[in-house]
Amino acid sequence: MFKKFHGFHLLESHHNEQVKRLQARLPEYLKSTAIKAAVVILATLLIWNLPSTSFGIEGLTVVQQRIIAIFAFATLAWVLEVVPAWATSVAVIGLLLIFTSDSGFILMCNPDEVGTLLSYKSVMATFADPVIMLFIGGFILAIAAGKTGIDAQLAKVLLKPFGSKSENVLLGFLLITGLFSMFVSNTATAAMMLTFLAPVFKQLPPEGKGRMAMALSIPVAANLGGMGTPIGTPPNTIALKYLNDPEGLNLGIGFGEWMMFMFPLVIVLLLLSWFIIKKLYPFTQKTIELKIEGELKHNFKTKVVIVTFIVTVALWLLDSVTGINSYTVALVPFVIFSLTGVIDRRDLEEINWSVIWMVAGGFALGYALNGSGLAKQAVSSIPFGDFSPVVILVLACMICYALSNFISNSATAALLMPILTVVCLAMGDKLDVIGGTSTVLISVAVAASSAMVLPISTPPNALAFATNLITQKDMARIGLIIGIMSMVLGISMLYLLGTMHLI
C-alpha cells in the first residue's frame, strides 16, 4: 500500500522476503496449511451439527448455533492464519449471508424451522459502518501527505529541535513516530520513519547498541502512538463503535474527549520507553547528524492538503462544539481532495482495503452475535453478576494482550468487543465502581496496542525486524517490558478516571 508514501520500498522488500522464505519451504508450508485448514473445517462442522443441548444455552435456535460455528471458524482461522485475516472476514460475511440471513438458501433459512434470521441488509451494511469511513478518511490523509511531501517536511521540522546528541535524536524519533501514528497507519508510519533512519544507521558503529536502540524505537513508538486517537489503530475505532452505538451503549465519546485522556498517556509512555531503551541499549557514539531526504512540493495541491489537514484535525477535536461527529469529519478530506484533484482514482487503489475488510468482517460477526440475541442468551447463562468488576477488567485485558501477540490486534478486538459489551451490560450497575463499560472496552484497546513481543505481533515489529538490526530476543525483551508497562499504566489511568466518572 501507499506506493507514493516514503518507505514503501521497505514494505515491498519485506513482502518479497516473505515470498522467498515461503517458496523455500513450500512443501512444508502446504502440508502445515492443509492440516490447519482441516482442523478449522472439522471443528466448524462439528459445532454446526452438534445437538443444540450441548451448548448449555436455553432456547438456542438453529440460526444461533450456526453463528456459534461461524464464530469458531473465524477464531480458529485468525489464530492459525490458514488464510489472510481479511479473507477470513470476507468468508464470515459470506457465511452469515448464505446460512443465517433472510437472503440465504431458502431450504436452510426457513424462519419457522431455524429461528429468527439476520437482516441481510444489516450484514452488508457493516462494510459501510461509520467506523469504516473513519478508516478511509485516515488513509486518504496519509496518501495525500505522501504525494505532496508533507510527511518528510514534517519529519525534518519536528526532528530539528532535538539537535544532534544521540539520545535526544532517539527521543525525537520516538515522539515523532508516536505523533504520526496517531493520524496515519502505524505500518505506513513505521515504514516512513525506518526510511529516515537509514542514513542514521550508517553513521552509528556496527558493534554498538545504538543501531538497535534506533531500530527498536520505531515499532515501539508506532504501536504506542496509535492509542492517542480513535483513528490511530483499529482496536480504538472498534471500541468506539460499541461505545457510541445508538442502539447499544450510546455514550457519545468524541474524538476530542478520547484524546483528552489518551494523548497524555501516550506522551508519558513514550518518555518512559525512551528512558528504558537508552538504558538497555546505550549509544557509544554521542552525536548523530540527521539527513532526511524528500522535499515539500510547493504547489496548489500542497496548500489544499495543509489547510484540509488543519481543518480536519480541528473538527475532530471540536466535535462536541460543532456537533459534527468524527465519522462525518473523516469524509471532509475525501471530498475536498477528490474535488481539487489532490487524489485520483489510482490513489483509491492505495487504500488498505484488506484492513477495512478485516474490520468489516469483525463488525458483521458482532452484529450476528448481538442481532440474533445469541450474545445476550450466552451471557445470561453465566453468572457474570457475581464476578468482581476488577476481575472482569483484568481478565479481559490479559486475554486480549495474549491473543494480540499472536494474531492481528484488529481480529482480537473484533472477537472480544461484542462479547464484552454484552457481558458489561449484563453486569449492570456493578461496573459503576470502575467507571462502567467504557473503562473495560478502552482498556482492552490499550491491551491490544501493548502487544508487541514478537515480529508477527504487529506490522511495525515485522518491518523493524526485517532490517536485520534486531534479534527476536531483543524485540521480545523490549516488547515485554514496555508492553506490560503500557498495559498496567493505561489500565490504571482508565480505572482511576472511571472511578472519578470522568470517562
Side-chain angles (χ1 to χ4, degrees), residues 40-78 86-132 238 241-242 244-250 356-384 411 414-426 428:
V40 173
I41 293 168
L42 289 173
T44 304
L45 291 175
L46 176 64
I47 295 170
W48 191 288
N49 293 291
L50 279 173
S52 59
T53 54
S54 306
F55 298 90
I57 301 174
E58 189 176 345
L60 188 72
T61 67
V62 173
V63 165
Q64 289 173 335
Q65 183 170 340
R66 290 175 184 171
I67 291 170
I68 293 174
I70 294 170
F71 184 86
F73 162 81
T75 304
L76 289 171
W78 275 329
W86 66 267
T88 298
S89 289
V90 172
V92 165
I93 293 173
L95 290 170
L96 289 173
L97 287 169
I98 294 168
F99 296 111
T100 69
S101 80
D102 51 13
S103 181
F105 278 130
I106 194 167
L107 294 176
M108 299 184 70
C109 295
N110 183 342
D112 296 330
E113 297 175 0
V114 300
T116 305
L117 296 165
L118 300 174
S119 162
Y120 81 92
K121 289 183 179 179
S122 296
V123 175
M124 288 184 172
T126 56
F127 192 76
D129 189 277
V131 171
I132 300 295
I238 294 170
K241 171 187 168 56
Y242 289 102
N244 291 346
D245 186 355
E247 297 178 5
L249 297 167
N250 197 24
I356 291 175
W357 275 110
M358 163 72 242
V359 173
F363 289 169
L365 204 55
Y367 163 68
L369 291 170
N370 291 309
S372 67
L374 173 59
K376 188 174 182 180
Q377 284 174 250
V379 168
S380 65
S381 66
I382 303 171
F384 282 108
L415 286 171
L416 294 179
M417 293 293 184
I419 297 172
L420 287 171
T421 302
V422 180
V423 168
C424 292
L425 285 172

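We count residues from 1, following the sequence as given. Just so you know, these numbers use all the heavy atoms, side chains as well, and skip hydrogens, waters and symmetry mates.
Scanning both residues, I132 and A360, for their nearest heavy atoms gives CD1-N, 4.2 Å. For the pair S54 and L50, the tightest heavy-atom approach, listed with the atom from each and the gap, is OG-CB, 4.2 Å.
Within the structure, the salt bridge (charged side-chain N to carboxylate O under 4.0 Å, His left out) test picks out no pair touching residues 101-122 (sequence neighbours left out). Counting only residues at least two apart or in different chains, ring-ring contact (aromatic ring centres under 6.0 Å, His included) contacts with residues 50-71 are absent.
For V114, the side-chain contact (heavy atoms from CB on, under 4.5 Å) criterion is met by V62, V63, R66, L117, not counting sequence neighbours. Qualifying side-chain contact (heavy atoms from CB on, under 4.5 Å) partners for I41, counting only residues two or more places apart in sequence or in other chains: L45. With sequence neighbours excluded, the residues satisfying side-chain hydrogen bond (donor to acceptor under 3.5 Å, both in side chains) with D129 are K241. Residues meeting the side-chain contact (heavy atoms from CB on, under 4.5 Å) test with S372, sequence neighbours left out: Q64, I67, L118, L374. Checked against side-chain contact (heavy atoms from CB on, under 4.5 Å), A72 has the following partners two or more places apart in sequence or in another chain: I47. Applying the ring-ring contact (aromatic ring centres under 6.0 Å, His included) test to F127 and every residue at least two apart in sequence or in another chain returns W357.
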Can you list, pair by pair, the side-chain donor-acceptor contacts under 3.5 Å of residues 88-100, counting residues two or more places apart and other chains?
from: S89; atom 1: OG; to: M358; atom 2: O; distance (Å): 2.9
from: T100; atom 1: OG1; to: L96; atom 2: O; distance (Å): 2.6

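Of the inter-residue distances, the one linking I70 atom CD1 with T75 atom OG1 reads 11.5 Å to the nearest 0.5 angstrom. F363 contributes atom CZ, which lies 10.0 Å from atom CG of D245 (distance to the nearest 0.5 angstrom). Interatomic distance, OG1 of T44 versus CZ of F73, reported as 6.5 Å (0.5 Å rounding).
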